[in-house]
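Start at 1 with the first residue, then count along the sequence.
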Amino acid sequence: MCAQSFSSSPRASVAAIVLAGGEGRRLARGEKALVELAGRTLLEHVIARVAPQVQALAISANRAFERYRQLTQLPLLADAADEQCQGPLAGIAQALDFFPQTDWVLTVPCDTPLLPLDLVDTLVAHAAPDSDVIYACDAARAHYTIALWRPNLAPRVHRALGSGERRVRGVIEQCRATAVRFEHSAEFINVNGDAELDAVAARLALAQR
């Protein structure tokens, strides 16, 4: 079972959700967050990167609850009954409901095991008083699921889901949003198949030398 050491930083309060509710069909290995990489699950890698940066952490999951509980005692948030199978946006909605008192809710996918260790500080540094969402991008593309959200956006996200919107980008485009450019694209690699899994494993092995 993985242990978590949370941030005690006096800056803005930030809670986080690891989005693990998808099926990960392209890896064809069952629950994507539980796929092993260099001796640990993808979920454990992401938790290790994120937990020291936030004050609280939960996991968005819709299956395999007992397997998750064998790994961690973090709260498991299932999608609402009327928002099932609607992608990461449903997990974001539950996270915003679950952490209403925090300044920000950080969302990260379960398949990004190399996230920056200064992700939260960098995003928070670009916050304005009226910011709704602050999301990461690099030279290649925007990473809409790697973002800080104001908890008071929960009703808007639920309404979007109710209207049939499933795209995280679609909601963000309706908010006061800021994109923050990160220089190292490798930190945002998504493990969507064996090629990415092998590439990240090689990178982790190199870092340990």
Task: Test log, rule side chain to side chain contact (heavy atoms under 4.5 Å, CB included), inputs Arg49 and Leu117 - done: CA-CA 6 Å; Arg49 306 292 286 192; Leu117 296 175; 3.7 Å; yes

Open item on the list: Determine whether Glu31 and Arg67 satisfy the following criterion, salt bridge (Lys or Arg N to Asp or Glu O under 4.0 Å), listing intermediate values before the conclusion.
Closed with: CA-CA 10 Å; Glu31 196 72 5; Arg67 293 181 65 193; over 6 Å; no

- [ ] Test Arg169 against Glu173 for salt bridge (Lys or Arg N to Asp or Glu O under 4.0 Å), laying out the working first.
- [x] CA-CA 6 Å; Arg169 176 181 179 176; Glu173 288 177 342; 2.7 Å; yes

Open item on the list: With side chain to side chain donor-acceptor pair (under 3.5 Å) as the criterion, how do Asp97 and His158 come out once you've worked through the C-alpha distance, each side chain's angles and the decisive distance to 0.1 Å?
Closed with: CA-CA 10 Å; Asp97 285 339; His158 284 295; 2.7 Å; yes

Task: Stepwise side chain to side chain contact (heavy atoms under 4.5 Å, CB included) check, Cys175 with Arg156 - done: CA-CA 9 Å; Cys175 298; Arg156 182 182 298 187; 3.3 Å; yes

TODO: Kindly determine whether Val191 and Val200 satisfy side chain to side chain contact (heavy atoms under 4.5 Å, CB included), including the steps that lead there.
DONE: CA-CA 8 Å; Val191 177; Val200 173; 4.0 Å; yes

- [ ] Give the intermediate values and the outcome of side chain to side chain contact (heavy atoms under 4.5 Å, CB included) for residues Leu106 and Val120.
- [x] CA-CA 8 Å; Leu106 173 71; Val120 172; 3.7 Å; yes

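Inter-residue side-chain proximity for Arg150 and Asp103 is flagged as met; some heavy-atom pair is nearer than 4.5 Å. Within the 4.5 Å cutoff, no side-chain heavy atoms of Thr178 are placed close to those of Val133. Residues Thr145 and Val108 form no side-chain contact, since every pair of their non-hydrogen atoms from C-beta on lies 4.5 Å or further apart. With contacts defined as side-chain heavy-atom distances shorter than 4.5 Å, the pair Ile59/Leu43 qualifies. Residues Leu37 and Leu197 meet the side-chain proximity criterion, which asks for heavy atoms closer than 4.5 Å. Within the 4.5 Å cutoff, the side chain of Leu115 has heavy atoms near those of the Thr112 side chain. With contacts defined as side-chain heavy-atom distances shorter than 4.5 Å, the pair Glu44/Leu71 qualifies. Under the 4.5 Å side-chain criterion, counting only non-hydrogen atoms from C-beta, Val105 is not in contact with Leu148.
A pairwise comparison of heavy atoms in Ala16 and Val50 identifies CB-CG1, 3.8 Å as the closest pair. Contact between Ala12 and Val124 at its shortest, heavy atoms only, is CB-CG1, 4.4 Å. When every heavy atom of Pro52 is checked against every heavy atom of Ile47, the shortest pair comes out as CD-O, 4.1 Å. The heavy-atom pair separating Asn192 from Asp111 by the smallest distance is OD1-OD2, 3.4 Å. Minimum interatomic distance between Trp149 and Ile172 (heavy atoms only, all atoms of both residues): CH2-CG1, 3.8 Å. Arg203 and Leu114 make their closest contact through CD-CD1, 3.3 Å (heavy atoms, listed as atom of the first residue, atom of the second, distance).
Here His126 contributes atom NE2 and Ile134 contributes atom CD1; the two are 9.0 Å apart, rounded to the nearest 0.5 Å. A distance of 9.5 Å separates CG in Leu34 from CD in Gln70, rounded to the nearest 0.5 Å. The distance from atom CD of Glu83 to atom SG of Cys85, rounded to the nearest 0.5 Å, is 12.0 Å. The line from CD1 of Ile146 to OH of Tyr135 is 12.5 Å long, rounded to the nearest 0.5 Å. Here the straight-line distance linking atom CG of Leu19 with atom SG of Cys110 works out to 8.0 Å at 0.5 Å rounding. Here Leu57 contributes atom CG and Gln55 contributes atom CD; the two are 11.0 Å apart, rounded to the nearest 0.5 Å.
Using modelled atom types, no side-chain atom of Ser131 and backbone atom of Ala127 make a donor-acceptor pair closer than 3.5 Å. Within the 3.5 Å criterion, the main-chain N or O of Phe99 finds no donor-acceptor partner in the side chain of Thr102. The backbone N or O of Asp82 lies less than 3.5 Å from a partner atom in the side chain of Gln86, making a donor-acceptor pair. In this structure, Thr72 contributes its side chain and Leu74 its backbone to a donor-acceptor pair below 3.5 Å.
Under the salt bridge (Lys or Arg N to Asp or Glu O under 4.0 Å) criterion, Glu66 pairs with Arg69, not counting sequence neighbours. Take Tyr68 and apply the ring-ring contact (aromatic ring centres under 6.0 Å, His included) test, not counting sequence neighbours, and it matches no residue. Applying the salt bridge (Lys or Arg N to Asp or Glu O under 4.0 Å) rule to Glu165 yields the partners Arg167; only residues at least two apart in sequence or on another chain are considered. Scanning for salt bridge (Lys or Arg N to Asp or Glu O under 4.0 Å) contacts around Arg166 gives an empty result, with sequence neighbours left out.
The aromatic rings of Phe188 and Phe182 sit perpendicular, their planes meeting at an angle over 60°, well past the 30° parallel limit.
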Donor-acceptor pairs under 3.5 angstrom involving side-chain atoms of residues 87-94: please list them, not counting sequence neighbours.
none

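Applying the salt bridge (charged side-chain N to carboxylate O under 4.0 Å, His left out) test to residues at least two apart or on different chains, the pairs with a partner in residues 126-144 are Asp132-Arg176.
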